[in-house]
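Report on the following structure.
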Amino acid sequence: GHDVATQYVHRRQEYVAAMVAGKVVSELKGKKKEAAAEEITNLWVWIKEQLETSHEHEVRNSKSA
């Protein structure tokens, strides 16, 4: 009953490099990190919207009960 994320996260070396360095991709240097960081940012925006929508739905249902 849940939506599937519309943002695809590709298999990128930048994710591995960030993990090994103990960082997130947006903390890496270089042009290649931009695409990886954008993917994660877009995914987070989608997740946040889903959580906010879910919370609003729960609040409305609890008020009508």
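Bear in mind the structure is a predicted one, so any value in this text is a computation, not a measurement. Nothing fancy with the numbering, it's 1 onward along the sequence.
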Following the transitive rule for hydrophobic clusters with a side-chain heavy-atom cut-off under 4.5 Å over Ile, Leu, Val, Met, Phe, Trp and Tyr, establish whether [X] and [Y] coincide in one cluster.
X: W44; Y: V9; result: yes
X: I47; Y: V24; result: no
X: L28; Y: M19; result: no
X: V25; Y: Y8; result: no

I need the T41 OG1 to E34 CD distance, nearest 0.5 Å.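 Those atoms lie 11.5 Å apart.
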Spacing of D3 atom CG and E49 atom CD [to the nearest 0.5 Å]: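 Going from CG on D3 over to CD on E49, the span is 11.0 Å.
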Minimum heavy-atom separation for R12 and E39, please, with both atom names.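 Closest heavy-atom pair between R12 and E39: NH2-OE2, 2.7 Å.
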Heavy atoms only: give me the nearest L43-Q7 pair and the separation to one decimal.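 Scanning both residues completely, I find the closest heavy atoms to be N-CG, 3.7 Å.
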Would you confirm whether Y15, through its side chain, and A36, through its main-chain N or O, come within 3.5 Å as a donor-acceptor pair?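 Here the side-chain-to-backbone pair exists.
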For K33, is there an ion pair with E27 - N to carboxylate O distance below 4.0 angstrom?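 No, E27 and K33 are not salt-bridged.
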